[in-house]
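Just below is one structure, and these are the notes that go with it.
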Amino acid sequence: MVYQRLDKLDKQILRLIAEDARIPFLEVARACNVSGAAIHQRIQKLTNLGILKGSQYVIDPEKIGYETCAYIGLNLKNPEKFDAVVEELRNIPEVVECHYTTGDFDMFIKIYAVNNHHLLNIIHDKLQPLGLSRSETIISFNSAIDRQLPIMDMLVSDSEETTVG
């Protein structure tokens, strides 16, 4: 993995836009005591380096009718078919995350469903045909913590550069 150097200004910009992705560049510039052009260039640099991965509105699934959030550990009959299974999972719109994992499961997914009956249909009709040897479903009642990773000063002062990945 390639690690990038962030200076004090980069960290300050990241902290501000992580709090509010819609903050105007000029407001960021004022808070950082630099020009709007400098902020635009830094944002572009952070995007080109892959540190920033775009911006988006966050839709609350429950507000649009998806009342059930579930995490499902999947074990494949043929683990060598990981890539094919991931491609099939991409075609299931209710699957919002997929992780390769260590431990008891080959992969771990996050799903939103309208209700428990809908979740059962997804598992039976869409997941089982992917060649699962077994699965384990955990239903989330509520998300207690849901946040961005903080921009921290990793073992050095703000006046020095920090290596992050």
Side-chain angles (χ1 to χ4, degrees), residues 1-6 10-23 42-156 161-165:
M1 179 172 289
V2 177
Y3 292 91
Q4 304 298 328
R5 292 242 181 236
L6 296 180
D10 290 331
K11 289 183 220 173
Q12 191 174 6
I13 292 167
L14 289 173
R15 283 185 191 108
L16 289 165
I17 64 174
E19 287 176 20
D20 179 6
R22 298 183 70 188
I23 187 171
R42 291 294 182 113
I43 295 283
Q44 189 62 47
K45 176 190 90 169
L46 294 167
T47 301
N48 291 341
L49 290 172
I51 293 169
L52 288 176
K53 294 185 175 188
S55 61
Q56 59 189 358
Y57 289 101
V58 178
I59 298 169
D60 183 337
E62 195 171 337
K63 300 275 196 240
I64 61 169
Y66 288 86
E67 295 180 2
T68 301
C69 174
Y71 296 87
I72 305 176
L74 305 177
N75 285 100
L76 307 179
K77 289 178 187 172
N78 298 314
E80 66 273 6
K81 297 194 177 199
F82 273 21
D83 293 339
V85 170
V86 169
E87 286 309 309
E88 290 299 321
L89 290 170
R90 288 183 200 283
N91 295 325
I92 302 171
E94 296 89 350
V95 175
V96 295
E97 291 183 26
C98 176
H99 302 268
Y100 294 120
T101 61
T102 61
D104 290 339
F105 303 110
D106 295 324
M107 54 181 69
F108 207 71
I109 62 173
K110 181 178 180 180
I111 287 185
Y112 283 104
V114 173
N115 53 35
N116 289 349
H117 184 73
H118 182 214
L119 176 62
L120 176 63
N121 287 340
I122 294 167
I123 293 168
H124 183 266
D125 299 341
K126 296 180 180 181
L127 296 180
Q128 288 300 329
L130 299 178
L132 304 182
S133 61
R134 78 179 192 91
S135 66
E136 185 173 326
T137 303
I138 300 167
I139 293 178
S140 169
F141 292 128
N142 188 27
S143 175
I145 299 172
D146 184 7
R147 62 182 173 207
Q148 289 281 337
L149 189 63
I151 307 303
M152 300 175 69
D153 300 324
M154 306 188 35
L155 304 176
V156 294
E161 290 187 12
T162 302
T163 303
V164 296

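Here E94 contributes atom CD and L89 contributes atom CG; the two are 11.5 Å apart, rounded to the nearest 0.5 Å. Taken from CD1 in I51 to CG in L46, the straight-line distance is 5.0 Å, to the nearest 0.5 Å. From N115, atom CG reaches atom CG of L120 across 10.0 Å, with rounding to the nearest 0.5 Å. To the nearest 0.5 Å, atoms NE2 (H118) and CG (D125) are separated by 9.5 Å. Atom CD in E19 sits 9.5 Å away from atom CZ in R15 (nearest 0.5 Å). Taking CD of E80 as the start and CG of D106 as the end, the distance is 10.0 Å to the nearest 0.5 Å.
Pairs passing the ring pair (Phe, Tyr, Trp, His ring centres under 6.0 Å) check and including a residue from residues 131-151, sequence neighbours excluded, do not occur.
Across all their heavy atoms, S135 and L132 have their closest contact at CB-CD1, 4.2 Å. The shortest heavy-atom contact between V96 and P93 is CG1-O, 4.4 Å. Heavy-atom minimum distance, E97 versus H99: OE1-NE2, 2.8 Å.
Counting only heavy atoms from C-beta outward, the side chains of I92 and I111 never approach each other to under 4.5 Å. Side chains of V95 and I122 form no contact here, defined as non-hydrogen atoms less than 4.5 Å apart. Considering only heavy atoms from C-beta on, L76 comes within 4.5 Å of M107 through its side chain. Between L119 and T137 there is a side-chain heavy-atom pair separated by less than 4.5 Å. Looking at heavy atoms from C-beta onward, R134 lies in side-chain contact with F105 at the 4.5 angstrom threshold. Within the 4.5 Å cutoff, no side-chain heavy atoms of F108 are placed close to those of L74.
Shown here are the side chain to side chain donor-acceptor pair (under 3.5 Å) partners of D10, two or more places apart in sequence or in another chain: R42, K45. By the side chain to side chain donor-acceptor pair (under 3.5 Å) test, E87 pairs with R90, sequence neighbours left out. Under the side chain to side chain donor-acceptor pair (under 3.5 Å) criterion, N142 pairs with no residue, sequence neighbours left out. Residues meeting the side chain to side chain donor-acceptor pair (under 3.5 Å) test with K81, sequence neighbours left out: none.
Under a 4.0 Å N-O distance rule, the pair E88/K126 does not qualify as a salt bridge.
Between the side chain of N75 and the backbone N or O of D104, at least one donor-acceptor pair lies under 3.5 Å.
Heavy atoms from other residues, nucleotides or ligands lying under 6.0 Å from CD of Q56 number 12 at most.
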Side-chain donor-acceptor contacts of residues 57-73 below 3.5 Å, not counting sequence neighbours, with atom names and distances?
{"residue": "D60", "atom": "OD1", "partner": "E62", "partner atom": "N", "Å": "3.0"}
{"residue": "T68", "atom": "OG1", "partner": "N116", "partner atom": "OD1", "Å": "3.2"}

